[in-house]
There are 2 protein chains.
Amino acid sequence: MVFLISCAASLALQDGEALILFLTYQYDRSYYKNMPKVTKKELKRETLLNQGVAMLMEQGYHGTGLQEILDAANIPKGSFYNYFGSKENFGAEVIQHYVDPFIAQLAVHLQQSETDALAAIRHYFDELIMELEKNEFKGGCLLGNLMGEIGDTSEICRKSLQSAVGRYRDLLRSGLTKAQQQGTVRSDKSAEEMADLLINAWQGALLRMKIEKSSAPVKQCCKDLLEDFFKP
Amino acid sequence: MVFLISCAASLALQDGEALILFLTYQYDRSYYKNMPKVTKKELKRETLLNQGVAMLMEQGYHGTGLQEILDAANIPKGSFYNYFGSKENFGAEVIQHYVDPFIAQLAVHLQQSETDALAAIRHYFDELIMELEKNEFKGGCLLGNLMGEIGDTSEICRKSLQSAVGRYRDLLRSGLTKAQQQGTVRSDKSAEEMADLLINAWQGALLRMKIEKSSAPVKQCCKDLLEDFFKP
DNA sequence: CAAAAAAAAACGACCGGTCATATTATTTAA
DNA sequence: TTAAATAATATGACCGGTCGTTTTTTTTTG
């Protein structure tokens with residue numbers, strides 16, 4: 001250890017950045033060192049997935065290189081294929097990794113308020129809007145962005161997108177069904193139909209939000225549907 | 001000329017494709033030869049824009065290389081920057097070139113039926129759906145795809161998208177206003193609000209269409225809004 | 001020590017963009 | 001109306017860099 005530090009110090013004399021990179025590397029190594037092998041690997045996998053979500057959201061699939069993701073995660077390029085079979089497979093996993101928290105968040109809202117499912121849905125989307133404003137309308141929804149970009153060209157990712165959107169839609173439908181039973185949402189239209197419309201209009205509104213740099217489209221979308229069209 | 005043809009023939013003995021490419025090249029040269037300079041240049045520009053629309057639709061912005069577009073248009077790589085300042089500027093022009101026919105088509109429908117603007121809008125979207133089915137749900141809408149892919153990263157294209165969507169929205173709004181005056185669309189909601197909702201839901205439905213490989217989402221979208229929500 | 005995992009180095013292909021040169025068009029001079 | 005000079009345009013080879021992936025080497029582990 002003493003040898004390593006002195007080595008790093010001598011490097012620093014030649015290159016200011018070398019020291020930082022070196023010490024970071026040492027830190028990461030010790031951070032992972034005492035963990036079980038499988039946990040360590042799972043942790044790095046998840047780090048890559050998290051970085052993948054963040055970068056694919058803002059820069060798209062083809063606009064983001066593996067190098068970029070790996071650098072941000074401090075994982076060597078050569079290691080990528082220890083964790084994922086290919087960029088395409090990685091993309092498919094990123095899609096699922098992205099949607100999981102949204103489904104969990106919506107599920108929490110739906111479980112909490114047993115008396116007014118429509119209000120729960122409304123509160124959920126209000127939370128999303130706050131998050132979007134916090135991010136200054138960058139990114140939008142990874143699902144929507146990737147459906148447009150690679151929905152035609154990557155069969156693997158298309159399937160993953162189909163599954164992710166399907167899972168999300170099913171949960172939203174169950175919430176709307178509950179709201180129908182509670183009498184706060186019209187029952188002459190199926191919950192599935194309304195869930196699809198809400199998701200689709202929301203996706204389009206997110207695209208508009210991106211180019212207008214304003215939350216007005218998404219706010220209007222929720223108002224139009226949840227406070228008007230879906231009402232009994 | 002005799003020399004050139006015999007040269008092509010000798011090439012063909014070694015490589016089957018060479019002959020075709022060579023003769024095509026000769027044809028193009030003679031095709032453009034007697035034209036005024038400006039017309040010739042405009043024609044090539046438009047060829048590139050048309051190819052750009054087609055390829056960016058299916059493969060996205062970063063998924064399509066300039067070389068690919070130029071090859072498809074039979075225009076040399078070095079010539080690209082005689083027509084466009086950069087790939088980014090090209091993209092911004094492709095966006096406008098893409099939306100023009102849609103605006104023209106919608107305008108025709110709105111002008112033709114003075115008595116029922118809502119029916120005109122409905123017929124316009126029915127035409128779009130037929131076109132999408134003909135293309136087997138590939139591509140979708142270039143505006144939606146690029147809003148998602150580069151809406152965050154290219155300011156030039158963002159502005160172009162903003163303008164293109166704005167032009168489209170304004171025309172749709174004028175149609176809905178007319179329908180309001182004709183009494184076929186509710187008047188307690190502004191035409192602008194409904195135009196935005198229709199565009200956004202349509203965009204989202206197109207994304208769903210891509211990954212489901214079905215026209216059901218776009219059909220449902222039109223039905224929900226034009227035959228239900230927008231009714232007085 | 002052998003086997004497995006991780007990381008470094010290298011791979012060919014392609015990216016957007018530039019450049020000197022070749023071709024064509026226009027102007028000037030005779 | 002030519003011929004020569006000049007300007008404008010078109011072009012393909014080429015730039016440094018990055019792409020996703022593979023191979024080789026190093027390190028870790030049992």
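Predicted model, so just to flag it, every value in this text is computed and none were measured.
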Taking atom [atom2] of [N] as reference, at what distance in whole Å does atom [atom1] of [X] sit?
X: A:Asp71; N: C:dA7; atom1: CG; atom2: P; value: 14 Å
X: A:Asn82; N: D:dT23; atom1: CG; atom2: C1'; value: 13 Å
X: A:Leu70; N: D:dT18; atom1: CG; atom2: P; value: 15 Å
X: A:Met55; N: D:dT18; atom1: CE; atom2: P; value: 14 Å
X: A:Ile75; N: C:dA8; atom1: CD1; atom2: C1'; value: 15 Å
X: A:Tyr83; N: D:dT21; atom1: OH; atom2: P; value: 17 Å
X: A:Leu43; N: C:dA5; atom1: CG; atom2: P; value: 18 Å

Handout entry: Any donor-acceptor N or O pair under 3.5 Å, side chains B:Gln96, B:Ser160
Key = yes
Practice task
Assess the side chains of B:Asn145 and B:Glu149: does a donor N or O sit below 3.5 Å from an acceptor N or O?
Solution key: no
Fill in the blank from the handout: Given protein heavy atoms under 4.0 Å, the one-letter contact record of nucleotides 13-19 of chain C, with B base, S sugar-phosphate only and - none, is simply --SBBB-
Problem - 4.5 Å side-chain heavy-atom contact, B:Asp196 and B:Arg169 - result: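 Contact flag for B:Asp196/B:Arg169 side chains = yes.
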Handout entry: Side-chain touch B:Gln162/A:Lys213, heavy atoms, less than 4.5 angstrom
Key =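 Not in contact.
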Fill in the blank from the handout: For B:Gly175 and B:Ile121, the nearest pair of non-hydrogen atoms, with its separation, is C-CD1, 4.0 Å
Problem - Short side-chain N/O contact to D:dA10 OP1/OP2 from B:Ser79, under 4.0 Å - result: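 Checking B:Ser79 against D:dA10: no side-chain N or O falls below 4.0 Å of OP1 or OP2.
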Problem - Pairs where residues 81-103 of chain B contributes a residue and the test salt bridge (Lys or Arg N to Asp or Glu O under 4.0 Å) is met, not counting sequence neighbours - result: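 Output for this query lists B:Arg45-B:Glu93, B:Asp100-B:Arg167.
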